[in-house]
Protein chains: 2
Amino acid sequence: MPEQELTQRQKEVLECIHDFQEQLQYAPSILEICERLHIRSTNGVVGHIRALIRKGYLERSSKARSLKLTQKAHRIFQSFNNHMVPLLGRISAGSPFYVEENREQMIPFSPNRKTDGVFALKIQGESMIEAGIFDGDIIFVDSKKRAHTGDIVVALVNDEVTVKQFYPKEKCVELRPANRKMKSLRVPVNQVLIQGVVIGLQRSYE
Amino acid sequence: MPEQELTQRQKEVLECIHDFQEQLQYAPSILEICERLHIRSTNGVVGHIRALIRKGYLERSSKARSLKLTQKAHRIFQSFNNHMVPLLGRISAGSPFYVEENREQMIPFSPNRKTDGVFALKIQGESMIEAGIFDGDIIFVDSKKRAHTGDIVVALVNDEVTVKQFYPKEKCVELRPANRKMKSLRVPVNQVLIQGVVIGLQRSYE
DNA sequence: TGTATTAGTGAAAATATATTCAGTATTAAA
DNA sequence: TTTAATACTGAATATATTTTCACTAATACA
């Protein structure tokens with residue numbers, strides 16, 4: 001078991017602190033954590049807290065109710081509830097798509113939608129310019145949604161990531177750009193991986 | 001002075017609690033409020049807290065650091081700092097732009113930018129289609145920013161609101177659409193009101 | 001002229017909360 | 001087989017925090 005991983009019990013403690021904060025809008029005291037987890041001695045909890053601080057999941061000052069989850073800890077819970085979504089940077093060709101190294105930062109997404117499986121990507125190039133997707137725009141992609149004809153998708157073809165319109169044919173897939181200067185791409189089904197469907201777009205002038 | 005209003009000092013106390021929470025991510029103790037406001041007795045602060053609870057701006061349980069701003073209190077600070085921005089609906093022609101009745105809902109905006117003076121608007125029509133602004137898109141507009149040549153602006157002309165590119169001439173303003181099928185509009189300076197500069201865009205597929 | 005609200009001071013008491021000390025038992029790694 | 005980390009118990013102590021009691025003073029209201 002590598003040092004940085006959490007034990008089952010440590011995860012439970014972290015989740016307890018997170019849930020308490022969510023529910024009551026303020027951090028729990030050590031005694032309150034004891035109660036929720038049925039631990040009789042405050043030291044039982046303090047030990048876990050120390051471990052969680054050492055592993056970079058918690059912060060605190062020696063004040064009352066000053067326990068605070070770090071960014072690292074929030075990432076564990078983010079996938080379920082929050083409004084933040086990872087903005088992926090350079091995607092190393094061919095490697096598994098959703099690896100840690102690619103998570104450059106978290107950016108906000110519409111709070112009334114599930115963010116599970118959603119990621120963001122910065123557009124490079126002009127292949128979708130006629131669909132109103134410009135160089136530098138950020139797109140939001142749902143990796144769990146199934147692509148339908150005409151959807152704008154993120155596809156992995158021969159170790160390259162592209163954003164195109166999706167038109168499935170009998171034995172191949174047509175990836176159509178929204179740019180008259182560029183040609184459609186026809187790829188055999190076994191050479192293309194649809195990474196997700198574009199569900200939103202964000203642009204910043206300035 | 002009507003009962004529901006806050007005194008100057010009460011506003012200061014509320015702001016102090018709000019700021020503390022923002023900065024340190026947990027609520028202040030009464031003593032810490034005393035320190036920040038240079039009040040020597042905890043009772044000085046407790047009196048204000050009681051008033052703020054009575055007037056519906058605060059909540060608390062008798063635990064340490066459990067002070068919590070209500071929705072009502074948050075509304076006071078939203079306009080200055082937070083990540084929410086009003087999405088304006090139908091804009092009644094000719095009336096002052098920023099009236100309460102037009103505020104239909106609040107939507108999230110980039111958290112790393114000031115939201116003071118920023119509003120959102122849903123695009124109707126295709127006049128900016130070649131600039132990648134489509135029907136149904138939501139644009140973010142900074143009403144405090146000065147327009148420069150070429151900026152995309154929200155303009156009020158003869159009681160009508162339009163989104164166009166801004167080209168000032170000697171005695172008139174050219175409002176240029178990004179759509180080959182539509183014509184530029186030249187309006188005398190005294191007949192046009194620039195409501196703000198477009199600083200962002202958001203689109204939702206689905 | 002009395003009464004309520006606001007805006008405090010100062011000290012003491014009561015609680016809430018965190019920390020320290022002294023242990024036990026289990027498991028995985030060196 | 002020692003060592004370190006995990007996962008606790010139980011009691012006492014120290015500190016942080018809130019609450020209570022007893023006051024003063026200015027202002028607005030009726």
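Reminder, nothing fancy here: chain letters follow the sequence lines and each chain counts from 1. Computed from a predicted model, the values in this text were never measured in an experiment.
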**Q** On the nucleotide D:dT6, are OP1 or OP2 found under 4.0 Å from the side-chain N or O atoms that A:His48 carries?
**A** no
**Q** Sequence neighbours excluded, which residues qualify as side chain to side chain donor-acceptor pair (under 3.5 Å) partners of A:Ser29?
**A** A:Glu32
**Q** Select base, sugar-phosphate, or nothing to describe what B:Gly47 touches, counting heavy atoms under 4.0 Å on all strands.
**A** nothing
**Q** Starting from P on D:dA5, measure out to CD on A:Gln10 and report it in whole angstrom.
**A** 12 Å
**Q** Round to the nearest Å and state the distance from A:Arg9 atom CZ to C:dT27 atom C1'.
**A** 16 Å
**Q** Tell me: CG of B:Leu14 to P of C:dA7, nearest whole Å?
**A** 13 Å
**Q** Please name all residues satisfying side chain to side chain donor-acceptor pair (under 3.5 Å) with B:Asp137, sequence neighbours left out, ordered by chain then number.
**A** B:Arg203
**Q** Name all residues meeting the salt bridge (Lys or Arg N to Asp or Glu O under 4.0 Å) criterion together with B:Arg9; count only those two or more places apart in sequence or in a different chain, and write none if there are none.
**A** B:Glu12
**Q** Between A:Ile76 and A:Tyr57, is the side chain to side chain contact (heavy atoms under 4.5 Å, CB included) condition met? List the steps.
**A** CA-CA 10 Å; A:Ile76 298 176; A:Tyr57 290 85; 3.6 Å; yes
**Q** Can you list every pair that meets salt bridge (charged side-chain N to carboxylate O under 4.0 Å, His left out) and has a residue in residues 33-44 of chain A, with sequence neighbours left out?
**A** none
**Q** Please tell me if A:Arg40 has a side-chain N or O lying less than 4.0 Å from either OP1 or OP2 of D:dA11.
**A** no
**Q** Got a second to check how far A:Leu14's CG is from A:Ile33's CD1, nearest 0.5 Å?
**A** 10.0 Å
**Q** At under 4.0 Å between heavy atoms, how does the protein contact nucleotides 12-27 of chain D? Give one character per nucleotide, 5' to 3', with B, S or -.
**A** -----SBBBBB-----
**Q** Who pairs with B:Lys171 by salt bridge (Lys or Arg N to Asp or Glu O under 4.0 Å), at least two apart in sequence or on another chain?
**A** none
**Q** Rounded to whole angstroms, how far apart are CG on B:Leu6 and P on C:dT6?
**A** 10 Å
**Q** Using atom CD1 of A:Ile39 as one end and atom C1' of D:dT6 as the other, report the distance to the nearest whole Å.
**A** 12 Å
**Q** May I have the distance from A:Glu12 (atom CD) to D:dT6 (atom C1'), rounded to whole angstrom?
**A** 13 Å
**Q** Are A:Gln8 and D:dA7 close enough that a side-chain N or O sits under 4.0 Å from OP1 or OP2?
**A** no
**Q** If you compare every side-chain N and O of B:Thr7 against the phosphate oxygens of C:dA7 (OP1, OP2), does one of them come in below 4.0 Å?
**A** yes
